[in-house]
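Have a look at the structure below, then the notes.
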Amino acid sequence: MSLRPAALPSSVHAPLPVLGRDVLVPLVTGGEVGYAALDYAASAPALQRVWDDVAAYAPYYGSVHRGAGYLSQLSTDLFEQSRATVADFLGCRPGDQVIFTRSTTDSLNLLATAVPAGTSVFVFETEHHASLLPWRASDVSYLAAPRTPGEAVTTLEKALAAREQRGPALVCVTGASNVTGELWPVRELAAAAHAHGARIVLDAAQLAAHHPVDIAELDVDWVAFSGHKLYAPFGSGVLAGRADWLCAAEPYLAGGGASRRVARRADGGVDVDWHTTAARHEAGSPNVIGAYAIASACRALAEAGFARLVEREQALVARVRAGLAEVPGVRVLSLFGEDAARVGVISFVVEGWNSSHFAAALSAEYGIGVRDGLFCAHPLVRTLLGGTEQEPGECAAPDAAPGELPSLNAVRVSFGAGTPEEHVERFVDAVRELVADGARWRYRTEDGRCVPDRDQA
């Protein structure tokens, strides 16, 4: 792979320039092409501005909350200013806490440890695994996949009204599906939860980079998201919201930073006085660069203006959907229907193709990076595809042999504020060409992945 600038048309420009926009990748058919990163739902490229901000800070790196030196003081101020920036970005209320974590998954697992004993948790089966799985220690009700936003609200209302326990309750819901991109009726679900005495946490992993998220306006109790989907580098995330359950819970991790005072007892044990601020759940040396990167991304999105970004992204969504609709045998996956509001995340299947084979051909023959599989949302994808417990088949053998189950997977294309129009056009043209003419290369399964057969070269 070459990192030298690619000779690309002027249409490569996007509202927020990202790293990797000039990377050239080799094609199995010969030559190189500028890489089209269309897997934002997994990890969006870091913004150039974020990278520049982090690079400018790096020489001043110092320990946080633990040093009297100038660089330590500077880093501590930067870390806490980043917390304030995120709180402003999310429209946090007075008294809300912003806790820096590793990711959305980490954030929701943290909240799961803070849920009071006896809490009833309600989660739709359509959730990404990050918000579907952390509640195993609680009394969990998995709600069936709704087929309209209104049905989602009525399903939740009925489940909350029917619960036998009168203790605490928590609803966990996504803001935008990582499979279909469809927006969920968060404000209405929050109203339903609160009307029945429940709290609600919003998984904004697929929402925060595409659409404004305002805790107060949505009236949710907590929001969780990941930096690596918000144009920041890997390894940072946020849990923001109400402080009471978090302050009452045992620290997520025990260690320095979470404790205010530790003293030996006469019996040989120790007494610990834990912080009641966000530090309670941020034990150890914090990821100050990760926090600063998230704050930088938040500032960049806010300054660019979400109205402008949303309008442009919706034009890209419309172009992809229209292009796919013109290709015979392509079926776009949808839970709420054609007219549902959505962000730049679209999943589809192609008749006669194993999705891993299709994604591999897009990469190897066109330099287009997409995602294939079940997208860590297995129950939802199986519902949308009408499948059961099936594993993806061999990449070059889309049809099942007699007596075998067919493969079950899909292709996902996703994009955002760093996506050039040229990448979307190339994707649509590539799908049309692959379906019409087939792949130009042979592929095989290697270690569970579909890869070009190098013996053909």
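With 3.5 Å as the limit, one finds a donor-acceptor pair spanning the side chains of Asn409 and Ser356. Ser334 and Glu182 share a side-chain donor-acceptor pair at under 3.5 Å. Checking Arg21 against Gln48 by side-chain atom types alone, a donor-acceptor pair falls below 3.5 Å. Using modelled atom types, one finds no donor on one side chain facing an acceptor on the other under 3.5 Å when comparing Asp203 with His128. Judged by distance alone, the side chains of Asp429 and Tyr366 never bring a donor and an acceptor atom under 3.5 Å apart.
The structure places OG of Ser107 at 8.5 Å from CZ of Phe225, a figure rounded to the nearest 0.5 Å. Note that the CG atom of Leu189 and the OG1 atom of Thr155 stand 9.5 Å from one another [nearest 0.5 Å].
The aromatic rings of Tyr40 and Tyr231 sit perpendicular to each other, their planes meeting at more than 60°, with 30° as the lower class boundary.
Taking the side chain as every heavy atom from C-beta outward, Phe100 and Val288 never approach each other to under 4.5 Å. His210 has its side chain out of reach of Val310: every pair of non-hydrogen atoms, C-beta onward, lies at least 4.5 Å apart. Side-chain contact check for Arg187 versus Glu217: some heavy-atom pair is nearer than 4.5 Å. In this structure, the side chains of Arg102 and Asn287 stay at 4.5 Å or more apart for every pair of heavy atoms. Proximity of Val413 to Ile368: side-chain heavy atoms (C-beta onward) are nowhere separated by under 4.5 Å.
With respect to Arg83 and Glu282, a salt bridge is recorded, a charged nitrogen being found less than 4.0 Å from a carboxylate O. Between Glu421 and Arg312 there is a salt bridge, with a side-chain nitrogen of the basic residue lying less than 4.0 Å from a carboxylate oxygen of the acidic one.
Taking all atoms of both residues into account, the shortest heavy-atom contact from Leu335 to Thr180 is N-CG2, 4.1 Å.
Put simply, the side chain of Asp221 gets close to the backbone of Ile200: a donor and an acceptor are under 3.5 Å apart.
With sequence neighbours left out, Asp244 forms a salt bridge (Lys or Arg N to Asp or Glu O under 4.0 Å) with Arg199, Arg242. Under the ring pair (Phe, Tyr, Trp, His ring centres under 6.0 Å) criterion, Phe415 pairs with no residue at all, not counting sequence neighbours.
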